[in-house]
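Residue numbers run from 1 in the order of the sequence given.
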Amino acid sequence: MTHTTIGSRSSALLPVLFLLFCSFRLSESGGGGSISNRPENPNSKAKIQMLQSYAPAKASDGTSLESPSIDNDSCAVGVKVNGICKVLPLVATYLEADMEDDNNNKPSYDVWAAVSLDEGKSWKRTDLSKSAQLREYKGRRCFNKDHGDDGDDGSHQRRFLHDDGGDGGDGGDGDDTDESEEFETYSSNSKPMNVGKGNKVLIAWVSQYCKSGVPSEAGEGLPLPETNLDDKYMVQGGQNCRNYDGEVEGLGKVPFNCVWTARGMIDPKNGNILWMKPERLTSGRRDAYQLFAAVSPNKVDGQPAAWALVWQEDPWGLEPGEKAGPGDGMSGAKTNHKTDIWYSYLDGTKFGKHAYDNPETNRPSVVERFSSPVRVTDNGACKVLREGDNVTVKGGRYCKGICGDGDNTVEEENGKIGESCVSDEGFPLNGDTGASRPVALLLPGSSSGTKVLLAYEESKGLGFGGEKTNATKQDVGKNVIYHSYPYNKPDEVKHGAMVNLPELDQNLFPLVSSDG
């Protein structure tokens, strides 16, 4: 299958080749210049792309460059289109930290975007996230290496601290107990993605800055998307955190990440840049990481463009690695079991709709939100506990629809308590696997419309978290899994299909464990 190369190392070369191409184009016209323009501040995770819709050439200060030279009727930058010098806009994204903030010399990054309409000679910069700041975490007590319950646990109640002892907003009594915690922390943003289509660009990232409760609805007070009125996957909720004391020196308590997006459009008539206010898709109830953004190719048979996001969410927070390499000791970080891949999409016809909350502001809010995120994979645990005639379903709210009255289960193994519910595909939802590093392509179709091709790596269900105790050689490592579905009808709690060839015996038959 040729599409299996989606997760190969060769795909990582494409951004490099594109950057080299852009550098070549800029050098031809004498372009090039600092994008961030603040060398005293740390920068990281830079990406750049060229949009496919021409705009009038102009400098970042607004100086017009659209008139051809009187001497030779040529353009200083760009190409002449109907007598006007126009360019294909360059859009760069990067992380930048303001080192004037006192965070013990540890950078807290904001997500920045920069747009050039003169082939890289000058850049108009915008701080999209504006959230790298000191704030107070108030919420549930942080998870630690001993785990216990997690972000998928629907039974916990006390999430927030309340001075008045009122209702906790999540069904709790609001008392200050050992189940709650507060501490000061610097919020930081990570790994921005940058994808474009025509004159539109989507920036997506994960951030430790997550407001409590329901993700922002493009303006406070607007209703939830119709796709998530019951919130069966528990997208809503309070932010959780992980305490790395005793695991990673100096890291301490780290709030979970949530997913943010920002949409931008460049007016093809005058080159003006419109950035809309960021939109938050998740709450930080689970730790979001390894975000990937995609947009469909050109229209086929009238099908509109589609935008999609995929990411992993770890209910316990990212597991520390072997501490090899630079950074804060998280190099080689691992994925906990129960980590699922999540998906959200936006119809291309809805991308640019916006409204101004305040006429005096220059950043409107989006009107049409991304779809409510869904859990694509089936790694989360759905279990049943029995006490006499009483049956208790453990796991996310979606588990109730799978477990029923407890008659759709298999007994746990290895001394574990309870029974695992069985999915509609026949797989036990025992929480013994974890998925990570998703990538996606949106493929145009004719009669079937745009489809998503999603691939990721998944652990083989050994031990707890990343442990490989008593594992035989064929058990070590991960599998590569893929899904394919219409962009607006995603898989939900599905097993996926394996891309890589499993371990074979001497007769070239797949090796399987004794329990199948």
| About how many Å separate OG of S296 and NZ of K197, when rounded to the nearest 0.5 Å? | 5.5 Å
| message | Show, in sequence, the C-alpha distance, side-chain angles and deciding distance for R285 and E313, and conclude whether the side-chain contact (heavy atoms from CB on, under 4.5 Å) test is met. | response | CA-CA 9 Å; R285 183 174 190 141; E313 283 197 14; over 6 Å; no
| said: Is there a side-chain contact between V391 and D405 in this structure, where contact means two heavy atoms from C-beta onward sitting under 4.5 Å apart? | reply: no
| message | Could you check whether any side-chain heavy atom of W260 comes within less than 4.5 Å of a side-chain heavy atom of R280, counting everything from C-beta outward? | response | yes
| said: Given D110, which partner from the list S129, S188, S207 fulfils the side-chain hydrogen bond (donor to acceptor under 3.5 Å, both in side chains) test? | reply: S129
| query | Any side-chain heavy-atom pair from V259 and L291 closer than 4.5 angstrom? | reply | yes
| Do the side chain of D231 and the main chain of Q236 share a donor and acceptor less than 3.5 angstrom apart? | yes
| Out of W342, F292, Y345, which one pairs with V310 under the side-chain contact (heavy atoms from CB on, under 4.5 Å) rule? | F292
| Is there a donor in the side chain of Y456 and an acceptor in the side chain of Q290, or the other way round, less than 3.5 Å apart? | no
| message | One pair to check against side-chain contact (heavy atoms from CB on, under 4.5 Å): K394 and T392. What are the steps and the verdict? | response | CA-CA 6 Å; K394 301 288 290 183; T392 301; 4.2 Å; yes
| message | To check you understand the geometry: which heavy-atom pair defines the closest contact between E247 and N243, and what is its length? | response | OE2-O, 3.5 Å
| said: Looking at R242 and E319, is any side-chain nitrogen of the basic one under 4.0 Å from a carboxylate oxygen of the acidic one? | reply: yes
| query | Is the shortest heavy-atom distance from the side chain of M498 to the side chain of E458 under 4.5 Å? | reply | no
| query | Of the non-hydrogen atoms in S283 and C210, which two are nearest, and what is the gap between them? | reply | O-CB, 3.5 Å
| task | Measure up the Y137 and F183 rings against each other and bin them: parallel (under 30°), tilted (30 to 60°), perpendicular (over 60°). | result | parallel
| task | Indicate the ring-plane relationship of H495 and F427, choosing parallel, tilted or perpendicular according to the 30° and 60° boundaries. | result | parallel
| When you measure from the side chain of N408 to the backbone N and O of I402, does any donor-acceptor pair fall under 3.5 Å? | yes
| request: Give the intermediate values and the outcome of disulfide bond (SG atoms under 2.5 Å apart) for residues C399 and C421. | output: CA-CA 8 Å; C399 292; C421 303; over 6 Å; no
| For the atom pair NZ (K45) and CG (N194), what is the distance rounded to the nearest 0.5 Å? | 15.0 Å
| message | Quick one: does any side-chain atom of Q239 pair with a main-chain N or O of Q208 as donor and acceptor, under 3.5 Å? | response | yes
| query | Are R437 and K478 close enough, and set up right, to give a side-chain contact (heavy atoms from CB on, under 4.5 Å), and what steps lead you there? | reply | CA-CA 12 Å; R437 300 183 184 277; K478 295 183 178 181; 5.8 Å; no
| Side-chain donor-acceptor pair present, N479, N500, cut-off under 3.5 Å | yes
| remark: Between T335 and Q312, the two heavy atoms sitting closest are OG1-NE2, 4.0 Å
| Smallest separation among heavy atoms of A306 and L442, with atom names | O-CD2, 3.2 Å
| said: Among L346, L128, I203, L309, which residue satisfies the side-chain contact (heavy atoms from CB on, under 4.5 Å) criterion with T261? | reply: L309
| task | Measure SG to SG for C403 and C382 and state whether it is below 2.5 Å. | result | no
| said: I need the L453 CG to Y482 OH distance, nearest 0.5 Å. | reply: 8.0 Å
| Any sub-3.5 Å donor-acceptor pair from N189's side-chain atoms to Y109's backbone N or O? | yes
| Is the closest side-chain heavy-atom distance between R263 and K200 below 4.5 Å? | no
| message | For a 4.5 angstrom cut-off between non-hydrogen side-chain atoms, does D424 reach K494? | response | yes
| said: With a 4.0 Å cut-off on N to O distance, would you call E419 and R386 a salt bridge? | reply: yes
| request: Please report the C-alpha distance between Y233 and E492 in whole Å, then the side-chain angles of each, then the deciding distance to 0.1 Å, and finally whether the side-chain hydrogen bond (donor to acceptor under 3.5 Å, both in side chains) criterion is met. | output: CA-CA 10 Å; Y233 295 121; E492 297 185 34; 2.5 Å; yes
| Once you round to the nearest 0.5 Å, how far does CG of N379 lie from CG of D432? | 10.0 Å
| Going from CD on Q49 to OG1 on T93, what distance comes out if it is rounded to the nearest 0.5 angstrom? | 8.0 Å
| said: Is it the case that the side chain of K253 and the backbone of C241 share a donor-acceptor pair, with hydrogens and angles ignored and the cut-off at 3.5 Å? | reply: no
| Check: Y289 main-chain N/O paired with N257 side-chain donor or acceptor under 3.5 Å | no
| request: Keeping the roles fixed (side chain from N336, backbone from G317), state whether a donor-acceptor pair exists under 3.5 Å. | output: yes
| said: With heavy-atom distances below 4.5 Å as the criterion, would you say the side chains of S371 and S344 are in contact? | reply: yes
| Shortest non-hydrogen contact from K338 to G431? | CG-O, 3.5 Å
| Identified ring pair (Phe, Tyr, Trp, His ring centres under 6.0 Å) counterpart of Y343 within the set Y485, F370, W311, Y487 | Y485
| task | Inspect the surroundings of CD in E387 and state if more than 12 heavy atoms from other residues, nucleotides or ligands are less than 6.0 Å away. | result | no
| field | Expected output: side-chain D287 to main-chain D314 donor-acceptor under 3.5 Å | value | no
| query | So, S459 side chain and G434 main chain: donor-acceptor pair closer than 3.5 Å or not? | reply | yes
| remark: Closest heavy-atom pair, P428 versus V410, reported as atoms and distance to 0.1 Å, is CB-CG2, 3.8 Å
| For the atom pair OG (S436) and CD1 (I341), what is the distance rounded to the nearest 0.5 Å? | 6.5 Å
| message | Is the shortest side-chain heavy-atom distance between P278 and W205 below 4.5 Å? | response | yes
| task | Take T185 and R135, measure what side-chain contact (heavy atoms from CB on, under 4.5 Å) needs, and give me the verdict at the end. | result | CA-CA 6 Å; T185 180; R135 70 178 184 91; 4.3 Å; yes
